[in-house]
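Every chain is numbered from 1 and lettered A, B, ... according to where its sequence line falls, protein lines coming before strand lines.
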Amino acid sequence: MLRTHAAGTLRIEHAGEAVTLAGWVHRRRDHGGLIFVDLRDASGLVQVVFHPEDAPEAFEAASEVRSEYVLQVDGDVVARQPGTENPDLDTGAVEVAVRSAAILNAARTPPFPINQETNVDEATRLRYRYLDLRRERMARNLVLRHRVIAYMRRFLNDRGFLEVETPVLGLATPEGARDYLVPSRVHPGDFYALPQSPQQWKQLLMVAGVERYFQIARCYRDEDLRADRQPEFTQLDLEMSFVHEDDILALMEDLYAGLAAEVAPDLDTPSPFVRMTYAESMERYGSDKPDLRFGIEISDLTDIVRDSEFMVFRRAIEAGGRVRGFAVPGGADTPRRGADALEALAKESGAGGLVWIVYEEDGSVRSPVARFFEEETLAALAEACGASNGDMLLIVADQDAVSSRVLDVLMRRVAEDRDLADPNVLAFAFITEFPMFEWDAQGQRWSAMHHLFTAPFEEDVERMEEDPAAARSRAYDLVCNGQEIGSGSIRIHRRELLSRVLRLLDLDESEAEERFGHMLEAFTFGAPPHGGIAPGLDRTVALFAGERDIREVIAFPKTKSATDPLTGAPASVHGEQLAEVHIALTPEAEAAQSQRDEGAREEVTNDV
RNA sequence: GGCCCCGUAGUGUAGCGGUCUAACACGCCACCCUGUCACGGUGGAGAUCGUCGGUUCGAAUCCGAUCGGGGUCGCCA
């Protein structure tokens, strides 16, 4: 090794020891006759001192050194002189008096500061990601990610899980997200698809008798990006045989509560985790991924206003809808302008309008619709929502599907505006009993809400065909702070039931055979009852890291347009390479390509 | 794919029709400085304002297109 100690580990106990360190020049403070260098390595940093009398040659080297130079120093750990200790540094009680130093490598001035947490343009950060990762925040996130993964492996190993790798080159499936395709050289015109998840493989492993499987699995989806969506991302994929929902949920609760205690002990993680059905979650929060930190719930106000003079409410109720709303704590300070903005948001989200009622501190009521209601009714509305003076009610009258969506959007907005979400709390919850199917208006057919292999409840199997919308599935989500962390289900393990579901989804026999024949066949060979879940690793780490964007916890993420500014991927390939995989570009693709190439050439010219 | 925001020295920002011969902070370079730790001091270099086109007597500033980054809806579990 080029060093005897890691810089960040030196403590007062090391005083008197001779050490060799190697690392980067984090910062240099040149006092003319004395030079301090903060030497940084992966472990942290320590101050090293260059005295011209004690080590003239080293002092000379230190004069030449600049930020991010790679430096090796020999010296003695000494206790700092009283009054010069730095309590802000872990190593602040000591410093290293340098005897000799070697510049292992020079460094150009970095394109953005490494020793400072400044905001830097996303594209620049990604272009020099290896420098971005040197920065404290990113380095910390990488370590956190490692610790999360290490904990997961240890945890699952201790519970008898087997880590199995599954293919990256697989079969394309038209269901779900768009596939990334890989052309086959050997089979002209045929394509592999990168896995959207190892879903089918893990079920086949259950048929194989593995019983407890997991994998830190890379998944690929060719869809547009978001803060919480990258084209390739990682899941903790797991599956168990001979289990009930509770077994999976209990396992996940143990895992996540344990993880929180291990990697985020400063965060408050209430347990046991809240459990509620999808129906209950939609009723109380208008969402299947509620943020429980807000402390706000939706109330049904239909009966209170059923006989009111207010026609909007009455018409909505007559049309089979309901009147629902929630209280905004302290919302009485909302100016007219703010209420109008909320109404606009409600309309954008699909509501016909928004009724707001402010209960002023002095007991008076302010609302555009106050005149339609008796005083008792207004009081009853407040009571139903748990509102008191100083609060505001937001009310939507519509079909449940609309009011849920709108109230969810409104709730998130007011929570954001009013900082209702405690950043120090991880409010986990399990949402269970999701609907089996949802109506795909575009395709004019039913589609699986979770995925094809999700089992319906036994008692819902019969009504599945006659009323698909009412059938409940044995699917569940783990959510936290208003975000979906992972979803899973108990699977269908009998061929007969799977065939019925496929028929319901309008897949005819031969099509089903072609696309899922291997699964149908596998199920005829004694597939055990099984189920699993797949929490998103990136989201999990982001959650514990307090990061909003999963790019902050991925070493080399892609931009919003799925490019990598560091390597330049994706890029064109030579004609021979294309020919080898039997691919010809369309004229449009070629035109777009040459246009891009010209742009790139200009950029290069400008650089020089 | 739709809509929205952003694009000015290495970085982050200011400037938003003439006074910009483009400002500030950090960084960078040089010199000075033996106890700093976001060291300090003095001086200096560095951007024609993403690109192309237009409006105008005059454009960093207005308009259009285009490229890049971000957000959001669609899409995606």
Pick out the pairs of N or O atoms, protein on one side and nucleotides 74-77 of chain B on the other, that lie under 3.5 Å.
| residue | atom | partner | partner atom | Å |
| --- | --- | --- | --- | --- |
| B:G74 | N7 | A:R226 | NH2 | 3.1 |
| B:G74 | O6 | A:R226 | NH1 | 2.9 |
| B:G74 | O6 | A:R226 | NH2 | 3.3 |
| B:G74 | N1 | A:D224 | OD2 | 2.7 |
| B:G74 | N2 | A:D224 | OD2 | 3.1 |
| B:C75 | O2' | A:E223 | OE1 | 2.4 |
| B:C75 | O2 | A:R229 | NH2 | 3.2 |
| B:C75 | N3 | A:R229 | NH1 | 3.3 |
| B:C75 | N3 | A:R229 | NH2 | 2.9 |
| B:C75 | N4 | A:R229 | NH1 | 3.4 |
| B:C76 | O2 | A:R229 | NE | 3.4 |
| B:C76 | O2 | A:R229 | NH1 | 2.6 |
| B:C76 | N3 | A:R229 | NH1 | 3.4 |
| B:A77 | OP1 | A:A177 | N | 2.9 |
| B:A77 | O2' | A:S487 | OG | 3.1 |
| B:A77 | N1 | A:M449 | O | 3.4 |

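- A:D549 comes within 4.0 angstrom of the backbone, heavy atoms only, and of no base.
- Nucleotide B:C28 forms a pair with B:G44, judged by Watson-Crick or G-U wobble geometry with both contacts under 3.5 Å.
- Stacking is found between A:H31 and the pyrimidine-like six-membered ring of the B:C39 base under the 5.5 Å centre-distance and 30° plane-angle cut-offs.
- Under 4.0 angstrom from either OP1 or OP2 of B:G69 there lies at least one side-chain N or O belonging to A:S561.
- Within 4.0 Å (heavy atoms only), A:N86 reaches at least one base atom of the nucleic acid.
- Heavy atoms of A:R551 sit under 4.0 angstrom from primed sugar atoms or phosphate atoms, though from no base atom.
- On the P atoms, B:C52 is 15 Å away from B:U8, given to the nearest whole Å.
- Contact annotation: the side chain of A:E122 never approaches that of A:T559 to less than 4.5 Å [non-hydrogen atoms, C-beta and beyond].
- Among the atoms of the strands shown, none is found under 4.0 Å from any heavy atom of A:S349.
- When Watson-Crick and G-U wobble pairs are counted only if both distances are under 3.5 Å, B:G7 pairs with B:C67.
- Nucleotides B:U21 and B:A47 are separated by 15 Å at their P atoms, to the nearest Å.
- Contact annotation for A:Q47: base contact, defined as any heavy-atom pair under 4.0 Å involving a base atom.
- The interatomic distance linking A:E416 (CD) with B:G71 (C1') rounds to 13 Å, in whole Å.
- Taking the P atoms as reference points, B:U19 lies 14 Å from B:G58, given to the whole Å.
- Atoms CG (A:D30) and P (B:G41) sit 15 Å apart, rounded to a whole Å.
- Using a 4.0 Å heavy-atom cutoff across all strands shown, A:E95 reaches at least one base atom of the nucleic acid.
- Within the 4.0 angstrom heavy-atom criterion, base atoms lie near A:H51.
- Of the candidate nucleotides B:C28, B:G71, B:U11, B:U11 has the atom nearest to the side chain of A:F112.
- In this structure, A:L34 places its CG atom 16 Å from P of B:C32, rounding to the nearest Å.
- Put simply, CZ on A:R28 is 14 Å from C1' on B:C37, counting in whole angstrom units.
- When the P atom is compared between B:C49 and B:U61, the two are found 8 Å apart, to the nearest whole Å.
- In this pair, A:F36 lays its aromatic ring flat on the base of B:U36, centres within 5.5 Å and planes under 30 degrees apart.
- With P as the reference atom, B:C29 and B:C39 are 15 Å apart, rounded to whole Å.
- When rounded to the nearest whole Å, the span between CZ of A:F59 and C1' of B:U36 equals 13 Å.
- B:G12 and B:C6 are spaced 14 Å apart, taking the C1' atom of each and rounding to whole Å.
- Among the heavy atoms of the strands lying under 4.0 Å from A:E85 is at least one base atom, whether or not backbone atoms are also near.
- In this structure, the CD1 atom of A:I35 is 12 Å from the P atom of B:C33, given to the nearest Å.
- Counting to the nearest Å, the P atom of B:U36 and the CZ atom of A:F50 are 18 Å from each other.
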Quiz item: Does the pair A:F434 and A:H450 meet the rule for a ring pair (Phe, Tyr, Trp, His ring centres under 6.0 Å), with working shown?
Solution: CA-CA 8 Å; A:F434 275 74; A:H450 182 58; 7.8 Å; no

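- Put simply, A:R66 has a side-chain N or O that comes within less than 4.0 Å of OP1 or OP2 on B:A30.
- Looking at the side chain of A:A123, the nearest of the listed nucleotides B:G69, B:G35, B:U11 is B:G69.
- The side chain of A:S67 has B:C28 as its nearest neighbour among B:C28, B:U11, B:C39.
- Side chain to side chain, A:Q196 and A:D179 meet the donor-acceptor criterion of an N or O pair below 3.5 Å.
- Only the C1' atoms considered, B:U51 is 23 Å distant from B:A14, to the nearest whole Å.
- Separation of atoms CZ (A:R221) and OH (A:Y180) is listed at 12.0 Å; rounding is to 0.5 Å.
- A:Y213 and A:Q215 form a side-chain donor-acceptor contact under 3.5 Å, judged by distance and modelled atom types alone.
- Contact annotation: A:T559 reaches the phosphate of B:G69 (side-chain N/O to OP1 or OP2, under 4.0 Å).
- In this structure, a donor-acceptor pair under 3.5 Å is present between the side chains of A:Y256 and A:T540.
- For A:T234 and A:R218, the side-chain atoms include at least one donor-acceptor pair closer than 3.5 Å.
- When both distances must be under 3.5 Å, the Watson-Crick or G-U wobble mate of B:G17 does not exist.
- As rounded to whole Å, 14 Å separates atom P of B:C29 from atom CZ of A:R108.
- Side chain of A:R29, nearest nucleotide from B:G70, B:G10, B:C39: B:C39.
- Between A:E552 and A:R137 there is a salt bridge, since a side-chain N of the basic residue sits under 4.0 Å from a carboxylate O of the acidic one.
- When the options A:V37, A:D41, A:L45 are evaluated for a side-chain contact (heavy atoms from CB on, under 4.5 Å) with A:H26, the one that passes is A:L45.
- Side-chain atoms of A:R27 stay outside donor-acceptor range of the base of B:U36, with no qualifying N/O pair under 3.5 Å.
- Taking the P atom of each, B:C63 and B:C16 are spaced 15 Å apart, rounded to whole Å.
- Residues A:R412 and A:S287 bring a donor and an acceptor atom of their side chains to less than 3.5 Å of each other.
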